[in-house]
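In what follows, every chain begins at residue 1, and chains take the letters A, B, ... in the order their sequences are listed. Quick note: numbers below take in every heavy atom, side chains included, and nothing from hydrogens, waters or symmetry partners.
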There are 2 protein chains.
Amino acid sequence: MIRNDTDYALRMVVYLAGRNPPGAATAELSAGLGVPHGFAQKILRRLAAAGILKVRLGRGGGFSLNRKPDRVSLREVIVAIQGPPRLNRCMAGPGACALQTSCKISASLKPIQRKLDAFLSGTSLSDILGRARPRRKAP
Amino acid sequence: MIRNDTDYALRMVVYLAGRNPPGAATAELSAGLGVPHGFAQKILRRLAAAGILKVRLGRGGGFSLNRKPDRVSLREVIVAIQGPPRLNRCMAGPGACALQTSCKISASLKPIQRKLDAFLSGTSLSDILGRARPRRKAP
DNA sequence: GTCGTCCTACTCGGATAAGGCTTGTCCGAGTCTAATCGG
DNA sequence: CCGATTAGACTCGGACAAGCCTTATCCGAGTAGGACGAC
């Protein structure tokens, strides 16, 4: 499940993707999106460290996207904050579960885990803003 | 994400589905599947309260499936222990998120949430045991 | 043989607790812009 | 008019703390099966 801080991150990143002119200080992001100021700062710094955001220091500074919105995937943002999203502990790779050889549950879960990964990797900020569609057809 | 206790629940339920003759005491389930005894008891009771397991009290008693393995879905087991699995808080329904009207993230997440639900609801214990395939084709 | 009693194995339901993780807060230090001031 | 200084706005990085949720543990009470003994 997507954590609260990750949700904040998504909100802020999407906001930045839609903003013109690009770039905003923590105060603007925090106030407009309901994220506590100090916490927003912490999250934004992590996003910057991951290379998703670009920092401009000093007066008039703030954060902006480091790439075009269609080059930033949902998954990337999630990974930067809470690590790879997994349905199950066992999905963390070999050795994550002692019963791995005998347990058939993780094997059954793998296909949907792969779909989830594909979806999150395949959906960009542009997709969310509605400037382009996700790969799925509209009803 | 599937929690540890839910994982235990799945293991035990799948074990019971595969066991012949049906039914086992907590001690057997606990020892064979690496679940702490007292904790296993607690989890099994919740599964029984949810109608997934059947209880037989007293000496020689224990737990057994209340239905045929192909009539018990993964989702049901998960819901019994940790509630409905959600990608996001916002998926909890109307009112879960204050920004719901303006936020496009949850809207984008909904399709994959639906797929996840469909998968978990559509996969039964039999599917996991390999006695029948999930609806997806084998590679 | 039959009935009743007791022992033992097992679950029920809830109280209780440790620990970790999430969710924040806060602060001194560093960085940059712009305004101000002196020449 | 030009350059240097200063004030202010903003981020950096990390320490620190509250609270909740997960992950258990434990125990008295209830229930059932089987053995054993009395009749």
Trainee: Taking only residues two or more places apart in sequence or in another chain, which ones pass side chain to side chain donor-acceptor pair (under 3.5 Å) with A:Arg86?
Mentor: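 Listed in chain order: nothing, the list is empty.
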
Trainee: What is the 5' to 3' range of DNA chain D, first to last nucleotide, that sits under 4.0 Å from any heavy atom of chain A?
Mentor: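 Contact boundaries, 5' end first: D:dG8 to D:dT23.
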
Trainee: Just the rounded figure in Å: distance from P of C:dC32 to CZ of A:Phe63.
Mentor: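 In whole Å, C:dC32 P and A:Phe63 CZ are 14 Å from each other.
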
Trainee: Residues two or more places apart in sequence or in another chain: which of them pass side chain to side chain donor-acceptor pair (under 3.5 Å) with A:Glu28?
Mentor: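 With neighbours one apart ignored, the set is A:Tyr15, A:Arg19.
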
Trainee: Please identify each residue that fulfils side-chain contact (heavy atoms from CB on, under 4.5 Å) with A:Ala50, with sequence neighbours left out.
Mentor: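 Only A:Ile52, A:Ala80 meet the side-chain contact (heavy atoms from CB on, under 4.5 Å) criterion with A:Ala50.
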
Trainee: List for me each residue that meets side-chain contact (heavy atoms from CB on, under 4.5 Å) alongside A:Ala25, sequence neighbours excluded, and say none if there are none.
Mentor: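 In terms of side-chain contact (heavy atoms from CB on, under 4.5 Å), with neighbours along the sequence ignored, A:Ala25 is linked to no residue.
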
Trainee: Hey, mind stepping through A:Ile43 and A:Thr6 against side-chain contact (heavy atoms from CB on, under 4.5 Å) and telling me if it holds?
Mentor: CA-CA 8 Å; A:Ile43 294 168; A:Thr6 310; over 6 Å; no

Trainee: Looking only at the side chain of A:Arg3 (C-beta and beyond, no hydrogens), which of the listed nucleotides C:dC26, C:dT11, C:dT22 gets closest?
Mentor: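 Nearest to the side chain of A:Arg3 among the choices is C:dT22.
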
Trainee: Among residues at least two apart in sequence or on other chains, which ones pass side-chain contact (heavy atoms from CB on, under 4.5 Å) with B:Pro36?
Mentor: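 Testing B:Pro36 for side-chain contact (heavy atoms from CB on, under 4.5 Å), a comparison that skips the adjacent residues, returns B:Tyr8, B:Phe39.
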
Trainee: Anything under 3.5 Å between a protein N or O and an N or O of nucleotides 6-9 of chain C, put it in a table, one pair a line.
Mentor:
| unit_1 | atom_1 | unit_2 | atom_2 | d |
| --- | --- | --- | --- | --- |
| C:dA9 | N3 | B:Arg59 | N | 3.2 |

Trainee: According to side chain to side chain donor-acceptor pair (under 3.5 Å), who are the partners of B:Ser30, at least two apart in sequence or on a separate chain?
Mentor: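 For B:Ser30 there are no side chain to side chain donor-acceptor pair (under 3.5 Å) partners, ignoring immediate neighbours.
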
Trainee: If I take atom CZ in residue A:Arg56 and atom C1' in nucleotide C:dA34, what distance separates them, rounded to the nearest angstrom?
Mentor: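 So the two atoms are 13 Å apart, to the nearest Å.
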
Trainee: Using the side-chain heavy atoms of B:Arg45, tell me which of these nucleotides is nearest: C:dT11, C:dG13, C:dG24.
Mentor: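 Output: C:dG13.
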
Trainee: With sequence neighbours excluded, give me every side-chain hydrogen bond (donor to acceptor under 3.5 Å, both in side chains) pair touching residues 40-57 of chain B.
Mentor: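 The answer is none; no pair qualifies.
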
Trainee: Does anything in residues 62-74 of chain A form a side-chain hydrogen bond (donor to acceptor under 3.5 Å, both in side chains)? List the pairs, not counting sequence neighbours.
Mentor: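 Counting only pairs at least two positions apart or across chains, the side-chain hydrogen bond (donor to acceptor under 3.5 Å, both in side chains) contacts touching residues 62-74 of chain A are A:Arg67-A:Glu76.
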
Trainee: Write down the distance between NZ (B:Lys42) and P (C:dG13), rounded to a whole number of angstrom.
Mentor: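 Spelled out: NZ on B:Lys42 to P on C:dG13 is 14 Å.
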
Trainee: How close or far is atom C1' of C:dA18 from atom CZ of B:Phe39, stated in whole angstroms?
Mentor: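 Rounded to whole Å, this separation is 13 Å.
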
Trainee: Could you give the CG-to-P distance, from A:Leu57 to C:dA29, as a whole number of Å?
Mentor: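 That distance rounds to 17 Å.
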
Trainee: Report the distance from atom CD1 of A:Ile81 to atom P of C:dC21, rounded to the nearest whole Å.
Mentor: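 Taking atom P of C:dC21 as the reference, CD1 of A:Ile81 is at 17 Å.
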
Trainee: Hydrophobic cluster membership, with links at side-chain heavy-atom distances under 4.5 Å among I/L/V/M/F/W/Y: are B:Ile112 and A:Met1 in one?
Mentor: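 Looking at the clustering, A:Met1 is in a separate group from B:Ile112.
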
Trainee: For residues A:Leu33 and A:Phe63: do they belong to one hydrophobic cluster (side chain heavy atoms under 4.5 Å, members Ile, Leu, Val, Met, Phe, Trp, Tyr)?
Mentor: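 Per the 4.5 Å side-chain linkage, A:Leu33 and A:Phe63 are co-clustered.
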
Trainee: For DNA chain C, determine which residues of residues 20-29 of chain B have any heavy atom closer than 4.0 angstrom to one of its atoms, and list them numerically.
Mentor: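 Heavy-atom contacts with DNA chain C come from B:Ala25, B:Thr26.
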
Trainee: Please state how far atom CD in A:Gln41 lies from atom C1' in C:dC27, giving the value in whole angstrom units.
Mentor: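 Nearest whole value for this atom pair: 11 Å.
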
Trainee: Could you pick out which residue, A:Tyr8 or B:Gly61, lies toward the 5' side of DNA chain C when each is mapped onto its nearest nucleotide?
Mentor: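 This one resolves to B:Gly61.
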
